[in-house]
2 protein chains.
Amino acid sequence: MHIASHHRTAAKKCIIYQEGMDATWRRGSMGRPTIMDVAARAGVSQSTASLALRGSNRVRPATRERVLQAAEELHFTLSRSASSLASGRTMRIFMLVSPALNTWFNGAIMQGAYKALHRHGYDLIPYAVSNDAELSEFFATLRGGKNADGAIVSSFDLNDDFKRLLKTLDIPTIGLNTPTTEGFDASVCIDNIAAMGNAVRFLHSQGHRHLAFVEEPDFEPFSFSSSLRSRGFLDAARQLGYADDDLTVIRGEQTEGYHSPQDAISQIVARLLSAPKRPTGICVETDGFAVTLMQELRRQQLRIPEDCSVIGFDDDTVAAAVELTTIHQDPMTLGRRAAELVLKLIQHEAVESPHRIQETSLVLRNTTGPAPRQ
Amino acid sequence: MHIASHHRTAAKKCIIYQEGMDATWRRGSMGRPTIMDVAARAGVSQSTASLALRGSNRVRPATRERVLQAAEELHFTLSRSASSLASGRTMRIFMLVSPALNTWFNGAIMQGAYKALHRHGYDLIPYAVSNDAELSEFFATLRGGKNADGAIVSSFDLNDDFKRLLKTLDIPTIGLNTPTTEGFDASVCIDNIAAMGNAVRFLHSQGHRHLAFVEEPDFEPFSFSSSLRSRGFLDAARQLGYADDDLTVIRGEQTEGYHSPQDAISQIVARLLSAPKRPTGICVETDGFAVTLMQELRRQQLRIPEDCSVIGFDDDTVAAAVELTTIHQDPMTLGRRAAELVLKLIQHEAVESPHRIQETSLVLRNTTGPAPRQ
DNA sequence: TTGTACGCGTTATCAC
DNA sequence: GTGATAACGCGTACAA
C-alpha cells in the first residue's frame with residue numbers, strides 16, 4: 001500500500017496566494033506557505049505569529065491584526081500535524097462503535113459528540129469494528145497516547161483482556177452504554193433495567209397477565225447484546241407476582257443456526273403463539289426487531305394492539321413511522337455528554353460524578369392497549 | 001479555549017512498558033517510547049526501525065522481526081502526527097456532510113467510505129455544516145493541503161464563491177450526489193432525473209392520469225434540496241402526454257412560514273385533495289416525508305393504495321418498515337466509490353472516467369396499485 | 001510585548 | 001541492507 005511518490009510535491013493546482021506577493025516572501029515560488037512566511041509578511045517573528053494566530057492575549061491587537069491579515073493573504077492554515085507534534089496535543093478524539101457507523105444509535109452518538117468536540121477544535125474520528133482483530137488494532141492505534149487525546153467507547157462488553165488494555169491507555173477513555181464502567185475514566189449510560197421495569201409495569205396495568213421478552217437474534221456473531229434488558233424484564237415481572245410460566249423469554253442466541261433470518265423470525269412467532277400461556281404483552285429488545293416481529297405477527301392474523309401489545313426499545317426513526325409504543329432514549333445527548341466528559345478529563349478538570357445515568361421514558365403510541373378479554 | 005497545561009506531561013497511568021526494560025533504553029523512566037527506543041532495543045538504527053515498522057522490503061526479515069518485537073514489548077505505536085509532518089501525507093480524508101452525521105444517507109456514505117479508507121490506513125474525518133460560516137471554516141481548514149490528503153463533499157449545491165474555493169484546494173476533491181460536477185476532480189452521483197422517470201412511467205402504466213410531486217418542506221433554511229427530482233418528474237410526465245393541469249407540483253419553499261411542521265403538512269394535503277384534477281399518483285421527494293404525508297392522508301380517510309398511490313425516494317430504513325414503494329439508491333456504495341476515487345487521485349493514478357453515475361431502481365411494495373376507477 | 005533557540009517523532013536522502 | 005543527518009512546521013521556555 002505504500003506508493004512511491006515525490007516527497008513534498010508542490011501544490012498541483014493554481015496557487016492563488018502567489019498573486020500580489022511582495023519581496024518579503026522569500027521562499028521561492030513553490031511549496032505551501034508556512035508560519036514563517038506569515039511572520040515575515042507581517043514583519044514579526046515566527047513565535048509572535050504563532051501566538052497571534054492562536055489568539056493569545058500576549059500579543060498587541062495591532063500586531064495580531066497584521067498577522068491575521070498576512071495569513072489570509074497567503075491563504076495560510078496551521079498544520080495540525082506540526083501543531084500536534086510540537087504541543088503534544090493531537091486535538092483528536094476516537095470514537096469506537098460496532099458494527100458500523102450507519103446505525104440509528106451510532107449515528108446519533110456521533111452527531112452529539114461531533115458537535116461538542118468540534119466547537120472546541122477537536123476532530124472526531126470514528127472507528128468501527130466488527131471482530132476482535134479490529135478491536136486489537138484499535139487499541140494498538142491508541143496506545144502511547146500519541147494519536148489521540150481521548151477515546152469514547154460505545155456499547156462494548158469488553159472482555160478482561162481488553163479491559164486491561166483499556167487501563168494501560170494513557171488517555172482519558174469514556175464508556176457509552178457499556179454494561180460495566182470498569183476500566184473507564186468516566187461513562188454515560190442509560191438504565192436498561194429501570195427502563196424495562198417501566199414497560200413491564202405498564203403492561204401489567206393494562207391487564208396483561210402473560211408477558212414475553214424477545215431479544216434480537218444474533219445474526220452477526222460479534223454483535224453486542226447486553227442481557228440487561230431481559231434481566232430488567234424478568235426482575236420487574238417477578239416483583240409484580242408473575243409466575244415463571246406467565247413469562248416467555250426468547251434469547252437471541254436461541255435463534256442461531258437457521259437457514260435465513262426469515263426462518264428465525266417465523267420460529268420466534270411460532271414459539272410465542274404456541275406457548276402454554278400465550279403472551280399478550282410483548283417487549284422487544286429493539287425497535288428494529290419489533291417492527292420485523294409485528295410484520296410476522298400480522299401475517300399470522302394477529303391484530304395489534306387488539307390481540308396483543310408490543311413495546312419496542314430505542315424510539316428510533318422507524319418507531320415513530322410505524323407508531324410503535326417504545327422506550328425512548330436519547331443517544332445524541334449521550335454522545336454529547338461523553339464528549340464533554342473527555343474534554344474535561346483532557347483538561348484535568350475535576351469531574352464530580354464521572355459515571356452517569358441518563359433517563360429513558362416510555363412513549364405510548366398505537367401498538368399497545370388493554371389486554372384482550374378471556 | 002486554550003487551557004494552560006504542562007507541556008509534555010508524562011503518561012498519567014501505569015506505564016507498563018517500563019517492565020522488563022533493559023539498559024539499552026536510555027531515555028529515562030518518563031515519557032512515551034519513541035522509534036529511537038525501539039531501534040535501540042532492537043539494536044538497529046532509527047531509520048532501519050522506521051523501515052521495518054512500515055514493512056519495507058529493504059530490511060532483512062530477521063531484522064524486521066527484532067524491530068517488531070521490540071515495538072511490541074515497548075508498547076510502541078508510530079505517531080501519525082510525526083509521520084505526517086515528515087512524509088507530507090496526512091492519511092486523513094475529510095467528508096463534508098449536511099446538516100448532520102445522523103441521517104440515513106450520511107450514515108451510509110460514511111460507512112461506505114470508512115471501510116474503503118480504513119483498509120488503506122486512512123482516517124475518515126466527518127465534518128458537518130449547516131450554514132455558510134461553517135462551510136467557510138471547512139474550506140479554511142483544508143486550504144494549503146496540510147490537514148488532509150483529500151476530501152469528499154456530499155450533496156452540496158455550492159455557490160460560485162465556494163466553487164472557486166474548491167478549485168484552489170490543492171488536494172483531490174470528490175463530489176457525491178452534487179447537482180453539478182464543476183470544480184470536483186471526480187464525482188459519483190445518482191441520476192435523479194432518470195429515476196423519477198421510472199416512477200412516473202410506472203404510475204402511468206397503472207392507469208394514473210393525474211399525478212403529483214411533493215418536495216420535502218424546507219424547514220431548515222440551509223437544507224440542500226436539488227430540483228433535479230421535480231424536474232425529472234415533470235420531464236417524464238410531459239413526455240407521456242400529461243397536460244399541465246394533470247400535474248400538481250408542491251415546492252418545498254412554498255410551505256415556509258407556517259407555525260408548525262404539522263400546519264405545513266396539513267396544507268400540503270389540502271392542496272392535494274382540493275386540486276381540480278385530484279392526483280391519484282403521488283411522488284414524494286424523500287421516503288421520510290412520504291411517510292409523514294401518508295399518515296396525514298390516512299387521517300383524511302384516504303386509503304393507500306386503493307384511493308391513491310404513493311412513491312418515495314431513497315429506500316431508507318423506514319421505507320422497508322412501512323412497505324413503501326420507492327426508488328432505491330445505495331449510498332453505501334456511493335461512499336465507497338467516492339473513497340476509492342480519492343485514493344486513486346491521491347496516488348496520482350489515472351482515473352478513466354472520473355464522473356460516474358450510479359444506478360437506482362424502483363422497488364414495488366404496498367403503497368402503489370392501479371388507479372381507482374372513475 | 002516580542003524574539004531566540006530548541007525540540008517534538010518521524011521520513012527521506014544519500015552515503016556506506 | 002543499514003546508518004548518519006537533514007528536514008517537516010509549529011509550540012514554547014526563556015531571554016530581551
Side-chain angles (χ1 to χ4, degrees), chain A residues 2-10 27 30-40 42-67 71 74 76-91 121 144-147, chain B residues 2-10 27 30-40 42-67 71 74 76-91 121 144-147:
Chain A
H2 280 275
I3 274 52
S5 73
H6 299 301
H7 191 207
R8 292 180 242 302
T9 59
R27 297 186 69 251
M30 58 186 4
R32 318 196 220 276
T34 77
I35 200 172
M36 291 223 281
D37 303 320
V38 174
V44 298
S45 78
Q46 184 247 27
S47 56
T48 302
S50 175
L51 290 174
L53 285 170
R54 287 176 299 138
S56 161
N57 49 2
R58 282 172 48 194
V59 69
R60 193 184 309 165
T63 312
R64 169 171 36 245
E65 264 325 301
R66 284 216 314 287
V67 174
L74 296 178
F76 170 82
T77 302
L78 285 171
S79 156
R80 298 192 183 188
S81 297
S83 299
S84 298
L85 193 54
S87 70
R89 291 177 235 109
T90 65
M91 303 307 279
K146 284 179 294 194
N147 290 327
Chain B
H2 281 273
I3 275 49
S5 72
H6 299 301
H7 191 206
R8 293 181 241 301
T9 59
R27 297 187 68 252
M30 56 185 7
R32 318 194 220 278
T34 77
I35 201 172
M36 290 223 281
D37 303 321
V38 174
V44 298
S45 79
Q46 190 231 34
S47 44
T48 302
S50 176
L51 291 174
L53 286 170
R54 287 177 297 144
S56 162
N57 48 1
R58 283 173 47 195
V59 68
R60 193 182 309 164
T63 312
R64 174 180 21 252
E65 263 327 299
R66 284 216 315 287
V67 174
L74 296 178
F76 169 83
T77 302
L78 284 172
S79 157
R80 299 192 182 187
S81 297
S83 298
S84 299
L85 192 54
S87 70
R89 290 176 238 111
T90 65
M91 305 306 280
K146 285 181 293 195
N147 290 326

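Since we're looking at a predicted model, the values are computed, not measured. First the proteins, then the strands, lettered A, B, ... as listed; each starts at 1.
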Name each donor-acceptor pair under 3.5 Å that joins a side chain in residues 42-52 of chain A to protein atoms two or more places apart or in another chain, with its distance.
residue, atom, partner, partner atom, Å
A:Ser45, OG, A:Ser47, N, 3.4
A:Ser45, OG, A:Ser47, OG, 3.1
A:Ser45, OG, A:Thr48, N, 3.3
A:Ser45, OG, A:Thr48, OG1, 3.2
A:Ser50, OG, A:Arg54, NH2, 3.3

Inset, instruction - For D:dT12, take OP1 and OP2 only and decide whether either is under 4.0 Å from a side-chain N or O of A:Arg54. - result: yes

Inset, instruction - Quickly work out the B:Leu53 CG to C:dG9 P distance and round it to whole Å. - result: 15 Å

Legend entry - d(CD, B:Glu65; C1', D:dG1) in whole Å: 16 Å

Legend entry - Separation of A:Lys146 NZ from B:Phe76 CZ (nearest 0.5 Å): 4.0 Å

Inset, instruction - Return no unless some side-chain N or O of B:Lys146 is found under 4.0 Å from OP1 or OP2 of D:dC8. - result: no

Inset, instruction - Indicate, with a heavy-atom threshold strictly under 4.0 Å, whether A:Ser50 touches base, sugar-phosphate, or nothing. - result: base

Legend entry - Separation of C:dA12 C1' from B:Leu85 CG (nearest whole Å): 13 Å

Inset, instruction - Report the distance from atom OG of A:Ser56 to atom CZ of A:Arg64, rounding to the nearest 0.5 Å. - result: 7.5 Å

Inset, instruction - Classify the nucleic acid contact of B:Ser56 as base, sugar-phosphate or nothing, counting any heavy atom under 4.0 Å across all strands shown. - result: nothing

Inset, instruction - Any chance you could measure A:Ser83, atom OG, to A:Ile35, atom CD1, to the nearest 0.5 Å? - result: 7.5 Å

Legend entry - Of the listed nucleotides D:dT12, D:dC10, C:dT10, the one nearest the side chain of B:Ser79: C:dT10

Legend entry - Gap between atom OG of B:Ser81 and atom CE of A:Met91 - 0.5 Å precision: 11.5 Å

Legend entry - Among D:dG11, C:dG9, C:dT11, the nucleotide that comes nearest once only the side chain of A:Ile35 is considered: D:dG11

Legend entry - Listed partners of B:Arg66 passing salt bridge (charged side-chain N to carboxylate O under 4.0 Å, His left out), at least two apart: none

Inset, instruction - Give, for atom OG1 of A:Thr34 and atom CG of A:Leu78, the distance between the pair rounded to the nearest 0.5 Å. - result: 10.5 Å

Inset, instruction - Round to a whole Å and report the spacing from CZ of A:Arg89 to C1' of D:dG9. - result: 16 Å

Give every pair of a protein N or O atom and an N or O atom of nucleotides 2-6 of chain D that lie under 3.5 Å apart, one pair per line with the distance.
residue, atom, partner, partner atom, Å
D:dT2, OP1, B:Thr63, OG1, 2.9
D:dT2, OP2, B:Arg60, N, 3.0
D:dT2, O4, B:Arg58, NH2, 3.1
D:dG3, OP2, B:Ser45, N, 2.8
D:dG3, OP2, B:Ser45, OG, 3.3
D:dG3, OP2, B:Thr48, OG1, 2.8
D:dG3, N7, B:Ser47, OG, 3.1
D:dA4, N6, B:Ser47, OG, 3.1

Legend entry - Gap between atoms CG and C1', on A:Asn147 and C:dG9 respectively (whole Å): 11 Å

